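Just the heavy atoms: all of them, side chains too, but no hydrogens, waters or symmetry mates, feed the values below. Indexing begins at 1, ligand by ligand and atom by atom, following the structure's order. Note that the structure is a prediction, hence the values are computed from the model and not measured.
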Amino acid sequence: MQLVLERCTIRPWRLNDAESLARHANNSKIWLTVRDRFPHPYTIQDAHEFLQQTISEESALKFCIEIQTAAVGVIGVQPGEDVHPHTATVGYWLGEEFWGRGIMTEAVTVLTDFCFKNFPLRRISAEVFANNPASARVLEKAGFTFEGCLKNNVLKEGKLLDSLLYARTK
Ligand SMILES: CC(C)(COP(=O)(O)OP(=O)(O)OC[C@H]1O[C@@H](n2cnc3c(N)ncnc32)[C@H](O)[C@@H]1OP(=O)(O)O)[C@@H](O)C(=O)NCCC(=O)NCCS
């Protein structure tokens with residue numbers, strides 16, 4: 001699967017993406033917005049492990065965001081389980097030097113459109129820490145609806161945070 005967009009390309013990962021992936025992922029501003037399982041500092045070894053695991057997962061819907069032939073971010077869709085087979089969650093990050101150019105808005109819009117078209121999904125949701133207005137704005141611009149504020153839902157860096165639930169439904 002490859003989606004060539006105006007501002008970036010969404011494509012499968014390659015083992016030789018490790019160096020660029022580690023360079024862009026090794027950023028505390030990114031780590032602060034995502035789950036603690038995202039390594040920080042993010043080493044070349046972390047990048048190799050991520051790539052080996054992601055490339056070996058046949059059903060992985062975790063993609064590389066490529067700009068000018070370099071891997072500069074991640075966008076992934078995680079399918080729901082049990083009574084949630086028709087749902088998925090979307091997650092993403094982008095290398096800081098590319099922020100503010102509309103790249104993630106385009107990527108989230110096109111990937112969610114693609115998933116609704118190609119999989120039997122009826123709901124794609126995302127949860128954003130309440131101190132991350134840029135990501136909330138991306139979701140709004142990508143057609144997601146704000147569904148509610150989950151109070152005290154996140155403990156990040158020792159701080160209790162609310163999280164904001166957004167979804168697109170079909
Ligand atoms: C959040 C992130 C993905 C946004 O990617 P991006 O390509 O810069 O996003 P876009 O340029 O498409 O849109 C960003 C929007 O947020 C707005 N924005 C940026 N900082 C903001 C702030 N502090 N307050 C309010 N809005 C803000 C921008 O103005 C823009 O909206 P606009 O087009 O209406 O002006 C990127 O900053 C990132 O990777 N951050 C770290 C990781 C992360 O947050 N991942 C998501 C976890 S839920």
Hey, what do you get for [atom1] ([X]) to [atom2] ([Y]), rounding to the nearest 0.5 Å?
X      : Y      : atom1 : atom2 : answer
Thr9   : Gln2   : OG1   : CD    : 6.0 Å
Thr105 : Ile103 : OG1   : CD1   : 9.5 Å
Ser163 : Asn132 : OG    : CG    : 11.5 Å

Residue pair Leu15, Gln52: steps toward the side-chain contact (heavy atoms from CB on, under 4.5 Å) verdict: CA-CA 7 Å; Leu15 285 174; Gln52 267 154 12; 4.1 Å; yes

Give the atoms of ligand 1, by number and element, whose distance to some non-hydrogen atom of [X] is under 4.0 Å.
X      : value
Gly102 : 10 (P), 11 (O), 12 (O)
Thr105 : 10 (P), 12 (O), 13 (O)
Gly100 : 6 (P), 8 (O), 11 (O)

Does [atom] have any protein heavy atom closer than 4.0 Å?
atom                    : answer
atom 29 (O) of ligand 1 : no
atom 35 (O) of ligand 1 : no
atom 3 (C) of ligand 1  : yes

Nearest non-hydrogen protein atom, [atom]:
atom                    : result
atom 48 (S) of ligand 1 : Ser135 OG, 3.4 Å
atom 44 (O) of ligand 1 : Asn132 ND2, 2.7 Å
atom 7 (O) of ligand 1  : Met104 N, 2.9 Å
atom 25 (C) of ligand 1 : Pro133 CB, 3.6 Å
atom 9 (O) of ligand 1  : Val138 CG2, 3.4 Å
atom 39 (O) of ligand 1 : Leu94 N, 2.8 Å

Compare [options] and give the one whose heavy atom is closest to [atom].
atom                    : options                     : value
atom 13 (O) of ligand 1 : Arg101, His24, Arg7, Lys141 : Lys141
atom 27 (C) of ligand 1 : Ala136, Ala134, Gly91       : Ala134
atom 45 (N) of ligand 1 : Trp93, Tyr92, Trp99, Tyr166 : Tyr92

Heavy-atom distances under 4.0 Å are what count here, so tell me which part of [X] touches ligand 1: side chain, backbone, both or neither.
X      : value
Thr33  : both
Arg137 : side chain
Glu127 : backbone
Glu96  : neither

Distance-only polar pair, side chains of Thr43 and Asp46, donor-acceptor under 3.5 Å: yes

With a 4.0 Å cut-off, would you call [X] and [Y] a salt bridge?
X      : Y      : answer
Arg11  : Asp17  : yes
Glu66  : Arg14  : yes
Arg168 : Asp113 : yes

is_close_aromatic(Trp13, Phe50), centroid dist under 6.0 Å: yes

Contact summary for Ala167 and Arg123, nearest pair of heavy atoms: CB-NH1, 3.6 Å

Derivation of the side-chain hydrogen bond (donor to acceptor under 3.5 Å, both in side chains) call for Gln53 and Glu49: CA-CA 6 Å; Gln53 195 192 329; Glu49 282 170 19; over 6 Å; no

Residue among Glu127, Glu140, Glu147 satisfying side chain to side chain donor-acceptor pair (under 3.5 Å) with Tyr166: Glu140

